[in-house]
Amino acid sequence: MHNVYLGLGTNLGDKERNISLSIEKIEAMIGAVTRRSSLYATKPWGFQSEHDFLNACVCVETMLSPRQVLEKTQEVERLMGRTEKSHNGEYHDRLIDIDILLYDDLHIDEPDLKIPHPLMHERDFVMVPLREISQK
């Protein structure tokens, strides 16, 4: 089994429900969620929006490879109504965003898959909930 840490974010609709539903889908499609952080309300990062975010992190035990986890997280996003990650490299409001933060101790640097997540240390909305569940 592998331990994967995922960052979750939403700033549209019923945010608590979006996080809850994404966790349900992650458990069904990727593996058991063994730890989940508190929910954190944050301002948008990297773009302007009148909609604040709700963020969380989860730890998932999985048999899937990093590539399979990426494919499944993107499938969860699509099932929840997200059609694309960004427009011309710019961030936008979203129903759900799922980022792979860590996968065991692996380091992967591919064009569409970078682990550890390269920007996570710049984002308190990732690091605060990640620290909460990784120190247990």
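Side-chain N or O atoms of N11 include none that pairs as donor or acceptor with a backbone N or O of D52 at under 3.5 Å. A donor-acceptor distance shorter than 3.5 angstrom exists from the side chain of E27 to the backbone of V33, with no hydrogens or angles considered. With hydrogens and angles disregarded, no donor-acceptor distance shorter than 3.5 Å links the side chain of N18 to the backbone of G13.
The structure places CD of E24 at 12.0 Å from CD1 of I19, a figure rounded to the nearest 0.5 Å. To the nearest 0.5 Å, atoms NZ (K114) and CG (D99) are separated by 13.5 Å. Atom CD of residue E77 and atom CG of residue D97 lie 5.5 Å apart, to the nearest 0.5 angstrom. In this structure, CG on L39 lies 4.5 Å from CG on L54, to the nearest 0.5 angstrom. Rounding to the nearest 0.5 Å gives a distance of 10.5 Å between CG of L12 and CD1 of I96. With rounding to the nearest 0.5 angstrom, the CD1 atom of I30 is 11.0 Å from the CD atom of E71.
Annotation: side chain of H107 is not in contact with side chain of I115 (no heavy-atom distance under 4.5 Å). K25 has its side chain out of reach of K72: every pair of non-hydrogen atoms, C-beta onward, lies at least 4.5 Å apart. Here the side chains of V60 and N3 are not in contact, with every heavy-atom distance at 4.5 Å or above. Within the 4.5 Å cutoff, side-chain heavy atoms of L130 are placed close to those of M120. Side-chain atoms of H2 and M63, non-hydrogen and from C-beta on, never get closer than 4.5 Å to each other. Looking at heavy atoms from C-beta onward, H117 lies out of side-chain contact with V126 at the 4.5 angstrom threshold.
A continuous path of hydrophobic side-chain contacts links L21 to L79 [ILVMFWY only; heavy atoms under 4.5 Å]. Under a hydrophobic clustering in which Ile, Leu, Val, Met, Phe, Trp and Tyr are joined whenever their side-chain heavy atoms come within less than 4.5 Å, directly or via other members, V76 and L113 fall into the same cluster. In the hydrophobic cluster analysis, where Ile, Leu, Val, Met, Phe, Trp and Tyr join through side-chain heavy atoms closer than 4.5 angstrom, Y40 is grouped apart from L119. When the side chains of ILVMFWY residues are joined at heavy-atom separations under 4.5 Å, either directly or via intervening members, L64 and I108 end up in a single hydrophobic cluster.
Under the 4.0 Å criterion applied to side-chain N and carboxylate O atoms, R35 and E132 are not assigned as salt-bridge partners. One finds no salt bridge joining D124 and R131 here, because no Lys/Arg side-chain nitrogen approaches an Asp/Glu carboxylate oxygen to under 4.0 Å. Salt-bridge formation is not detected for the pair R78/E75: no Lys NZ or Arg NE/NH1/NH2 atom is positioned less than 4.0 Å from an Asp or Glu carboxylate oxygen.
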(request) With side chain to side chain contact (heavy atoms under 4.5 Å, CB included) as the test, would you mind laying out the steps for M127 and E122 before giving the verdict? (result) CA-CA 8 Å; M127 295 308 296; E122 297 175 19; over 6 Å; no

(request) Could you check L101 against C57 for side chain to side chain contact (heavy atoms under 4.5 Å, CB included), going step by step and ending with a plain yes or no? (result) CA-CA 9 Å; L101 305 175; C57 286; 3.7 Å; yes

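In this structure, M80 and L95 approach most closely via the heavy-atom pair O-CD1, 3.2 Å. Nearest approach of V4 to I100, heavy atoms of both residues: CG1-CG2, 4.2 Å. For the residue pair I133 and R36, the shortest heavy atom distance occurs at CG2-C, 3.4 Å. Of all the heavy atoms in P116 and L102, the pair that sits closest is CB-CD2, 3.7 Å. Listed here is the closest heavy atom pair of S134 and Y5: CA-OH, 4.0 Å. Across all non-hydrogen atoms, the minimal contact from L8 to S22 is CD1-OG, 3.9 Å.
Counting non-hydrogen atoms of other residues, nucleotides and ligands closer than 6.0 Å to CG of D112 gives a total above 12.
For E16, there are no salt bridge (charged side-chain N to carboxylate O under 4.0 Å, His left out) partners at least two apart in sequence or on another chain.
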